[in-house]
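All remarks here apply to the structure that follows.
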Amino acid sequence: MTTTSGHSLKPAAPVSALQVLQVRGACPHDCPDTCALVTTVEDGVAVRVAGNPEHRHTDGALCTKVSRYAERSYHPERLLTPLKRSGPKGSGCFEPVTWDEALDDIAARLKAVAARDPQAILPYSYAGTMGLVQGEAMAARFFHRLGASLLDRTICASAGGEGLVQTLGGKVGMKVEHFARSKLILIWGSNSIGSNLHFWRLAQQAKRDGARLVCIDPRRSETADKCHEHIALRPGTDAALAFALMHQLIEHGWLDQDYIDRHTLGWEGLRERALQWPPERAAEVCGIPVQQIVALARDYGTTRPAAIRLNYGMQRVRGGGNAVRAIACLPALVGAWRDPAGGLLLSTSGYFPARRAALQRPDLLAGRTPRTLNMSTIGDDLLRETSATFGPKVEAVIVYNSNPVAVAPESGKVVQGFARDDLFTVVLEHFQTDTADHADYILPATTQLEHWDIHASYGHTDVLLNRPAIAPVGQARTNTDIFRALAARMGFDDPCFAEDDLALCRTAFDGAVDFETLLAQGYATLPVPEAPFAEGNFPTASGRCEFFSARLVAQGLDGLPDHLPNFEAIGSSTAFPLAMISPPARNFLNSSFVNVTSLRDIEGEPLLEIHADDALARGITSGQMVRVFNQRGEYRCKASVSRRARPGVVNGLGIWWRKLGPFGTNVNQVTSQQLTDMGRGPVFYDCLVEVAALVETS
Ligand SMILES: Nc1nc2c(c(=O)[nH]1)N[C@H]1C(S)=C(S)[C@@H](COP(=O)(O)OP(=O)(O)OC[C@H]3O[C@@H](n4cnc5c(=O)[nH]c(N)nc54)[C@H](O)[C@@H]3O)O[C@H]1N2
Ligand SMILES: Nc1nc2c(c(=O)[nH]1)N[C@H]1C(S)=C(S)[C@@H](COP(=O)(O)OP(=O)(O)OC[C@H]3O[C@@H](n4cnc5c(=O)[nH]c(N)nc54)[C@H](O)[C@@H]3O)O[C@H]1N2
Ligand SMILES: [Mo]
């Protein structure tokens, strides 16, 4: 099959009058793979979404979820018209209204709040689409011009991101394609088969060529099953493991002293700290055999090239930033960066020269400095009154590209906040999610098949362009168009509010990526060196890999990485003895796709994986309904007595829509609003619970 640019028509067969288009696009989802798509459109209807075979990272393959993207876009429950609340707050009762009616009323309500204090208006968004245009372009312009509160977008990766930046100098690392040639791959805090499939294909290639794969994860994931070794450490103990590896590298002289001397900063201090972590101590903290640590250190110290695929699963705990710092020191210690197939990859997003200021226009703040609210503490913040420290009580929230009622921690409070009668809530969505249920207005948004966008990636180094394949479904409008229309009604007349989406796409990488290449082939590859740190050249202030960070000291933090135990470490509570992690279910993407029937059928229902010993102690059998609870709340689901759970740790697979789970709650009913050591991130996987069999009353 050859793909066309999307402008030309390709008849399927000479006898047929059917108009068939192949339209190039990009997967919009929050996933490191950022696949290139080809959508087949017959007479204006998208009939198939496939991976673009010409894009080497995608290689013609998609995950199960996104291959159902057409099913999702034409879903019978897709929102087709603007809706206005017609029942009590949170009841989910709405009636259709016209766009003019909705937009006029929303603008009038926002004007009234803004007249008192625009900071009482809060935008709430994340990565429902990763597109730079339908994400924070026109929306950011709108909120900057308004002077609304700023949002600290921390819900996913800010602890690890900050840890990486403080160590390597940016969200930079190995080029993913080189993992195919590595001889040892540590898959650390990542269920790659579920959440990074195209990396997994490269790891498989390495494995076939003799590489050893080690998975470091409390859960025996699908990925752990397929690795040579699985190290099932306790949640939040990764830094202890990293220090014990360093200890062994030092003891056995497996260091690349030349690389350390020339390209790192702070070795003496780090060495001293590592020597405090003999494998026996780490084994105790991590809950794993000493031998496993010793063997891993030998492999890491003696195999070339050795690579680490770190992912954000390990940084959703109190010490997440420090843990990433400790792990990010390892490749420099053994000189792994010298080879393109050695080093570490957590994120590549720092390689992309996106012109965020040009897209988001912070200059429209015109000297104002609104307060910043953290999206991870939305539960508490919606319940706060006006005060000198907090500023004005939140009176209006505009949600787009996110489903906070399902995904934010301690959702009992999030729900209470969104249920406030005096809160004005607008939700831009594809579907009536748990959050949309709490809206005053729901505005139907276009999907990736229906709009232009442009994408960076955090797992490879190509820019992707997304062309619209079909006309908007129903009366759906693009996020950009909705914010343009609101801007007009608010009287914002800056010419930047008139820019169209194609112009925004051109702006995003103007001067760095040839737009004609993007138009012609759908993607363009950034010029990133094959072994970026072979000769040092880290983008840090010192140009070295910073074991010691003066910038962290200036922030009042420890200059060296350390192991910080979880807020809710195993053994710290007798009432709640089990640690719960809540990693993604393979066929959902955060809370997206939970309402796609074919995918929900694969996942079945919300599950809690529990080890046989822990189940036996509680009289729990597989398939039984259980209560999972702690001081913050309770949710219910089915127990699966499973070898995927290690003793003392239960796995509550996420993230179900509350209303589609039993009892109307999900895992986030029990997670906490504590924040990480760096980056002000959430601690979803730092959570103690108790589990009890639910006694059926029927
Ligand atoms: N199918 C699917 N793919 C996804 C997502 C999804 O929801 N579904 N989510 C996307 C998003 S938003 C992101 S941010 C990315 C990355 O998403 P991540 O959340 O990093 O997803 P995973 O790759 O599943 O990695 C999580 C793994 O970390 C493990 N883990 C939990 N706690 C710890 C710990 O303390 N230490 C260690 N070593 N491991 C731990 C979990 O058991 C799990 O297997 O993936 C994206 N891809
Ligand atoms: N317990 C627990 N909680 C977690 C996690 C966990 O592992 N465990 N993971 C966390 C992580 S890593 C993340 S990134 C967050 C994710 O949290 P969110 O970013 O909120 O992600 P989703 O739940 O996928 O919700 C995105 C919503 O955006 C909508 N959307 C998609 N495209 C568009 C568009 O073009 N326009 C509009 N208007 N809407 C659109 C989708 O329909 C969907 O409802 O969740 C976090 N929450
Ligand atoms: Mo995420």
Side-chain angles (χ1 to χ4, degrees), residues 28-33 63-65 72 124-131 134-135 139 153 155-157 160 187-197 215-224 231-238 241 310-317 320 323 327 375-376 399-404 406-409 411 427-431 433-436 443-448 450-451 453 458-459 476 478-479 482 566 579-595 644 649 651-655 657 666-668 670-671 682 684-687:
H29 286 296
D30 187 350
C31 168
D33 292 25
C63 65
T64 316
K65 303 177 290 300
R72 185 179 185 276
Y124 196 99
S125 68
Y126 201 65
T129 170
M130 295 284 290
Q134 304 305 334
R153 292 183 170 81
I155 201 134
C156 168
I187 300 178
W188 201 323
S190 169
N191 181 8
S192 315
I193 293 181
S195 68
N196 194 184
L197 189 64
C215 181
I216 303 173
D217 191 320
R219 177 173 185 249
R220 188 162 183 94
S221 64
E222 299 85 334
T223 307
I231 300 186
L233 79 187
R234 291 189 177 121
T237 61
D238 300 86
L241 176 60
L310 194 58
N311 210 340
Y312 290 110
M314 46 68 65
Q315 49 95 64
R316 300 190 179 113
V317 292
I327 295 164
M375 71 186 305
S376 301
V399 181
Y400 52 102
N401 303 340
S402 185
N403 183 11
V407 306
S411 37
V427 177
L428 284 60
E429 253 299 349
H430 301 152
F431 296 106
T433 60
D434 292 327
T435 307
L443 303 178
T446 47
T447 70
Q448 191 79 342
E450 300 147 54
H451 54 227
D453 217 325
Y458 60 99
T478 58
N479 289 347
I482 294 170
N566 279 2
M580 186 194 80
I581 57 173
S582 45
R586 182 173 175 181
N587 291 289
F588 300 151
L589 201 126
N590 300 319
S591 78
S592 298
F593 294 100
V594 179
N595 62 328
R644 297 208 183 280
V649 181
N651 313 322
L653 301 182
I655 309 173
W657 285 16
N666 71 11
V667 279
N668 279 320
V670 296
T671 55
F684 292 113
Y685 304 168
D686 183 342
C687 175

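As the structure lists them, so they are numbered: ligands from 1, and atoms in each ligand from 1. Start at 1 with the first residue, then count along the sequence.
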Short N or O distance, P404 and ligand 2, threshold 3.5 Å exclusive: no
What about P583: any of its N or O atoms under 3.5 Å from an N or O on ligand 1? no
Could you say whether the N/O atoms of G194 and ligand 1 ever approach to under 3.5 Å? yes
Under 3.5 Å: N/O of N668 near N/O of ligand 2: yes
Please check whether E429 reaches ligand 2 - meaning an N/O of the residue sits under 3.5 Å from an N/O of the ligand, judged on distance alone. yes
List the closest protein heavy-atom neighbour of atom 5 (C) of ligand 2: residue, atom name, distance to the nearest 0.1 Å. I655 CD1, 3.6 Å
Tell me if a side-chain donor or acceptor on D453 pairs with a main-chain N or O of G135 at a distance below 3.5 Å. no
Any side-chain donor paired with an acceptor under 3.5 Å for T435 and N403? yes
Would you check, one step at a time, whether the test side-chain contact (heavy atoms from CB on, under 4.5 Å) holds for F684 with I655? CA-CA 11 Å; F684 292 113; I655 309 173; over 6 Å; no
Ligand 1 contact on S190 by region, counting heavy-atom pairs under 4.0 Å: both
Judged by non-hydrogen atoms, does T446 sit under 4.0 Å from ligand 2? yes
Identify, for atom 10 (C) of ligand 2, the protein heavy atom at the shortest distance, and state residue, atom and that distance. F684 CE1, 3.7 Å
Identify, by atom number and element, the atoms of ligand 2 in contact range of T433, meaning under 4.0 Å from any of its heavy atoms. 44 (O)
Shortest non-hydrogen pair, I155 vs P409, comes out as CD1-CD, 4.4 Å
Purely on distance, is any nitrogen or oxygen of Q134 under 3.5 Å from one on ligand 2? no
Residue G236 vicinity, atoms of ligand 1 by number, heavy atom under 4.0 Å: 34 (C), 35 (O)
Give a yes or no on whether the backbone of T433 and the side-chain of W657 come within a donor-acceptor separation of less than 3.5 Å. no
Ranked by distance from atom 15 (C) of ligand 2, the top protein heavy atom is I155 CG2, 3.8 Å
In terms of residue, atom name and distance, what is the protein heavy atom nearest to atom 24 (O) of ligand 2? S592 OG, 2.7 Å
Please report which non-hydrogen protein atom sits nearest to atom 19 (O) of ligand 2, along with the residue it belongs to and the distance in Å to one decimal place. Y126 CB, 3.3 Å
Short side-chain donor-acceptor distance under 3.5 Å, W188 and D238: yes
Of the listed options A579, P218, G459, closest to atom 39 (N) of ligand 1 (non-hydrogen atoms): P218
Do D238 and ligand 1 have an N or O pair less than 3.5 Å apart? yes
Looking at atom 14 (S) of ligand 1, what's its closest protein heavy atom, distance included? C156 SG, 3.0 Å
Note: heavy atom closest to atom 20 (O) of ligand 2, options S402, S591, P444, belongs to S402
Heavy-atom nearest neighbour of atom 9 (N) of ligand 1 within options N590, N311, N191, I216: N590
Among all protein non-hydrogen atoms, which one is nearest to atom 17 (O) of ligand 2, and what is the separation to 0.1 Å? V407 CG2, 3.4 Å
Can you name the atoms of ligand 1, numbered from 1 with element, that are less than 4.0 Å from a heavy atom of W188? 38 (N)
Which of the numbered atoms in ligand 2 are below 4.0 angstrom from a heavy atom of L589? 24 (O)
Provide the number and element of each atom of ligand 2 under 4.0 Å from a heavy atom of R72. 41 (C), 42 (O)
Can you check whether N401 has an N/O within less than 3.5 Å of an N/O in ligand 2? yes
Residues N666, S411; criterion side-chain contact (heavy atoms from CB on, under 4.5 Å); working and verdict: CA-CA 8 Å; N666 71 11; S411 37; 3.9 Å; yes
Heavy-atom proximity to atom 13 (C) of ligand 1, best of Y685, Y458, F588, F593: Y458
H430 side-chain N/O to T446 backbone N/O, donor-acceptor pair under 3.5 Å: yes
Taking only non-hydrogen atoms of H451 and a 4.0 Å limit, the atoms of ligand 2 in range are 35 (O)
If you measure every N or O of T237 against every N or O of ligand 1, does any of those distances drop under 3.5 Å? no
Given 3.5 Å as the limit, does a donor-acceptor pair link the side chain of N311 with the main chain of S192, or not? no
Atoms of ligand 1 close to R316 [distance to a heavy atom under 4.0 angstrom, numbered from 1]: 14 (S), 18 (P), 19 (O), 20 (O)
Applying a heavy-atom cut-off of 4.0 Å, say which part of V667 lies close to ligand 2: side chain, backbone, both or neither. side chain
Cation over ring face, R153 and Y126, 6.0 Å, 45°: no
So does L428 get a backbone contact from the side chain of N479, meaning a donor-acceptor N/O pair under 3.5 Å? no
Geometry only, no angles: is G189 polar-contacting ligand 1 at N/O separations under 3.5 Å? yes
For Y312, the ligand 1 atoms whose distance to one of its heavy atoms is below 4.0 Å: 20 (O)
Between M375 and ligand 2, which residue portion shows a heavy-atom distance shorter than 4.0 Å: side chain, backbone, both, or neither? neither
Any idea which protein heavy atom is nearest atom 26 (C) of ligand 2, and the distance to it? G128 CA, 3.5 Å
Evaluate S221 for polar contact with ligand 1, using N/O atom pairs at a separation under 3.5 Å. no
Element-labelled atoms of ligand 1 that are located less than 4.0 Å from some non-hydrogen atom of R219: 42 (O)
Note: heavy atom closest to atom 6 (C) of ligand 2, options G654, S582, A127, G652, belongs to S582
Which one of T64, D217, I187, D30 has a non-hydrogen atom at the shortest distance from atom 11 (C) of ligand 1? D30
Do Y458 side-chain atoms and C31 backbone N/O form a donor-acceptor pair below 3.5 Å? yes
Name the closest protein heavy atom to atom 30 (N) of ligand 2, giving the residue it belongs to and the distance to 0.1 Å. H430 CE1, 3.8 Å
